Amino acid sequence: MSEFDLIIIGAGPGGYVAGIRAAQLGLKVAVIEKYSTLGGTCLNVGCIPSKALLDSSELYHLATEKFAVHGIKTGKVSIDFPQMLKRKDEVISNTVAGIDYLFKKNNITRLVGHASFVDKNSVSLKDEKGKTTQYKAKNFIIATGSKPTELPFMKFDGKHIISSTHALNLPKVPKHLIIVGGGVIGLELGSVYGRLGSKVTVIEFLDKILPTMDHELGKTLQRSLKKLNFEFHLQTKVKSAVVKSNQVEVTAENKKGENIVFTGDHVLVCVGRRPYTEGLNLENAGIKLDTRGFIQVNNHLQTTTSHIYAVGDVIGGMMLAHKAEEEGVYAVEHICEEIPHLNYNCIPGVVYTWPEVASVGQTEEQLKEKGITYKIGKFPFKASGRARAAEETDGFVKVLAHPETDEILGVHMLGPRCSDMIAEAVLAMEYKASAEDIASVVHAHPTFTEAFKEASLMATADRAIHI
Ligand SMILES: Cc1cc2nc3c(=O)[nH]c(=O)nc-3n(C[C@H](O)[C@H](O)[C@H](O)COP(=O)(O)OP(=O)(O)OC[C@H]3O[C@@H](n4cnc5c(N)ncnc54)[C@H](O)[C@@H]3O)c2cc1C
């Protein structure tokens with residue numbers, strides 16, 4: 001039986017990054033992945049394909065809606081949807097090939113098949129022909145990720161009742177896309193099709209979209225998305241979906257208790273993701289799950305069996321690729337008795353709609369709940385010269401700082417290029433900067449980043465220069 005220092009199960013961002021770090025630290029490492037491509041959800045059916053389609057659809061939207069105001073006449077612009085999907089698939093295969101290259105470069109043993117625990121020290125791998133082989137290791141990392149959650153009364157059929165994975169490969173641009181759930185994935189995929197001309201109806205059970213982020217962000221984004229053919233039905237509960245003559249009829253109940261029927265080409269169910277542990281036979285290795293099915297880990301990401309770690313979506317928390325990556329590195333460095341670092345308060349969250357939404361640290365709602373007082377500095381993009389030059393004046397940057405220490409507690413932004421701008425706020429918070437620190441740092445003019453400096457000035461001294 002082959003024996004390794006470390007076997008990693010799952011080659012998503014948690015698993016493949018852990019594999020590379022382990023190889024760098026000199027471990028004999030194998031990564032087991034059941035699919036033939038590396039990269040997991042993120043590279044194959046998540047972050048990368050969704051961003052490829054978001055970028056293509058944004059270009060179309062700019063050409064049809066925004067070029068004219070800049071004095072650019074394009075004539076008739078039309079969509080070649082098969083080409084858009086083909087380009088997305090090429091982006092996936094190039095990115096996946098990059099991970100193949102990194103595995104070879106780092107001498108990582110790649111094993112293809114489904115892994116399950118035989119006992120605490122060995123796993124069995126079943127390949128696609130049904131052949132099983134056993135492997136032993138001193139340590140393991142479980143990085144098996146998550147799958148889209150299904151509603152029990154409307155199971156995915158892949159055609160009319162669809163998950164995010166199906167939504168990345170629709171046969172054509174739908175006339176009407178119904179989305180259940182006003183969270184990040186639903187709003188991003190809805191934006192793709194809204195920009196390409198679909199009517200998008202979002203049905204959300206709660207009274208707000210983006211419910212886990214600072215509430216002001218969801219409210220403002222909702223206003224922006226309404227300009228993009230989005231219709232929102234909040235406090236509305238989906239009850240059933242019936243397929244009739246190549247359309248889907250979704251029945252939902254609004255807050256007054258009335259039934260509303262929506263008819264569309266597809267209903268995209270985006271109500272969350274569930275941890276994926278099927279067939280791992282965790283009980284053979286003494287690994288326990290929590291009440292929601294996530295693998296239980298301690299502060300060092302060790303499961304209830306201490307030489308078996310778990311990272312990424314399968315342990316819950318923020319279901320984000322960069323969180324999974326950081327945890328992968330943490331687990332490997334802990335195994336190697338290095339001094340790993342991971343600050344969960346400084347993990348940014350980004351929504352790649354347009355305007356973009358980005359956030360780090362505590363929200364106003366969390367601070368209120370914890371009884372922590374805070375001051376707010378807020379700067380609207382309307383007052384930014386760079387934003388006016390770009391015709392991108394929707395949104396704001398909001399800095400929440402402690403009233404006595406001036407330490408930045410949270411930064412929440414909505415506007416152009418916030419997905420990149422949030423990095424400065426993450427760095428500031430990681431190094432415990434005060435709002436005054438940011439206010440005294442020179443920011444190039446004219447850039448969108450000046451809004452962060454101005455919001456910090458507002459937070460620290462209630463004075464911005466440009467409002
Ligand atoms: C549409 C969409 C868009 C997203 N966009 C973003 C984004 O922009 N930014 C962001 O940060 N996050 C985004 N995410 C979330 C991100 O994809 C996940 O948080 C991330 O992929 C989690 O990484 P992971 O390594 O934990 O698991 P995964 O990426 O899910 O990888 C787990 C891997 O384990 C394999 N596996 C499972 N069980 C076994 C087994 N028993 N044996 C062998 N292999 C197994 C699976 O096949 C899979 O390849 C998005 C997700 C979706 C669905």
Side-chain angles (χ1 to χ4, degrees), residues 7-19 30-55 88 92 96 99 110-117 123-128 135 140-149 162-169 179 181 183-192 268-282 294-295 301 309-329 331 347-353 356-358 419 422:
I7 290 179
I8 298 167
I9 307 174
Y16 86 72
V17 170
V31 177
I32 304 179
E33 168 56 54
K34 67 176 188 172
Y35 291 120
S36 57
T37 56
L38 300 171
T41 304
C42 172
L43 269 62
N44 294 282
V45 291
C47 323
I48 298 300
S50 59
K51 265 80 254 177
L53 291 180
L54 278 159
D55 283 340
K88 179 258 306 171
I92 297 174
V96 163
I99 312 295
R110 180 181 168 187
L111 302 169
V112 184
H114 187 101
S116 45
F117 282 94
V123 287
S124 151
L125 182 138
K126 190 172 181 186
D127 70 17
E128 56 179 8
Y135 297 92
F140 294 85
I141 297 178
I142 304 169
T144 49
S146 61
K147 293 277 176 206
T149 303
I162 60 173
S163 71
S164 59
T165 303
H166 308 121
L168 295 166
N169 273 312
I179 300 177
V184 179
I185 295 177
L187 297 179
E188 288 187 4
L189 292 171
S191 294
V192 168
L268 166 60
V269 181
C270 287
V271 294
R273 294 180 63 84
R274 64 180 170 84
Y276 187 67
T277 54
E278 260 111 78
L280 272 175
N281 290 345
L282 294 175
F294 292 102
I295 295 181
L301 305 171
Y309 292 68
V311 303
D313 283 8
V314 79
I315 63 166
M318 292 170 104
M319 285 185 156
L320 292 171
H322 43 283
K323 177 248 187 202
E325 288 183 24
E326 295 301 328
E327 287 178 340
V329 170
I347 296 180
V350 174
V351 190
Y352 296 82
T353 46
E356 293 180 329
V357 181
S419 62
I422 197 68

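Since the structure is predicted, the reported quantities are computational estimates derived from the model, not experimental observations. Numbering of ligands and ligand atoms starts at 1, following listing order.
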In terms of residue, atom name and distance, what is the protein heavy atom nearest to [atom]?
| atom | answer |
| --- | --- |
| atom 50 (C) of ligand 1 | C47 N, 3.9 Å |
| atom 31 (O) of ligand 1 | G12 CA, 3.5 Å |
| atom 35 (C) of ligand 1 | E33 OE1, 3.2 Å |
| atom 10 (C) of ligand 1 | A321 N, 3.5 Å |
| atom 3 (C) of ligand 1 | G46 C, 3.4 Å |
| atom 28 (P) of ligand 1 | T41 OG1, 3.5 Å |
| atom 42 (N) of ligand 1 | A115 N, 2.9 Å |
| atom 18 (C) of ligand 1 | D313 OD2, 3.4 Å |

Against ligand 1, does [X] come closer than 4.0 Å with any heavy atom?
| X | answer |
| --- | --- |
| P49 | no |
| L125 | no |
| K51 | yes |
| R273 | yes |
| P13 | yes |

**Item:** Numbering as shown, the atoms of ligand 1 that approach A143 to under 4.0 Å (heavy-atom distance)
**Value:** 32 (C), 33 (C), 34 (O)
**Prompt:** Taking heavy atoms and a distance under 4.0 Å, where does T165 meet ligand 1: side chain, backbone, both or neither?
**Reply:** neither
**Message:** I need the contact type for V314 against ligand 1. Using non-hydrogen atoms and a strict under-4.0 Å cut-off, is it side chain, backbone, both or neither?
**Reply:** neither
**Prompt:** Can an N or O of G312 be found at a distance shorter than 3.5 Å from an N or O of ligand 1?
**Reply:** no
**Message:** Please report whether ligand 1 has a polar contact with M319, defined as an N or O pair separated by less than 3.5 Å (distance criterion only).
**Reply:** yes
**Prompt:** Do E128 and K34 sit within salt-bridge range, that is, some charged N less than 4.0 Å from a carboxylate O?
**Reply:** no
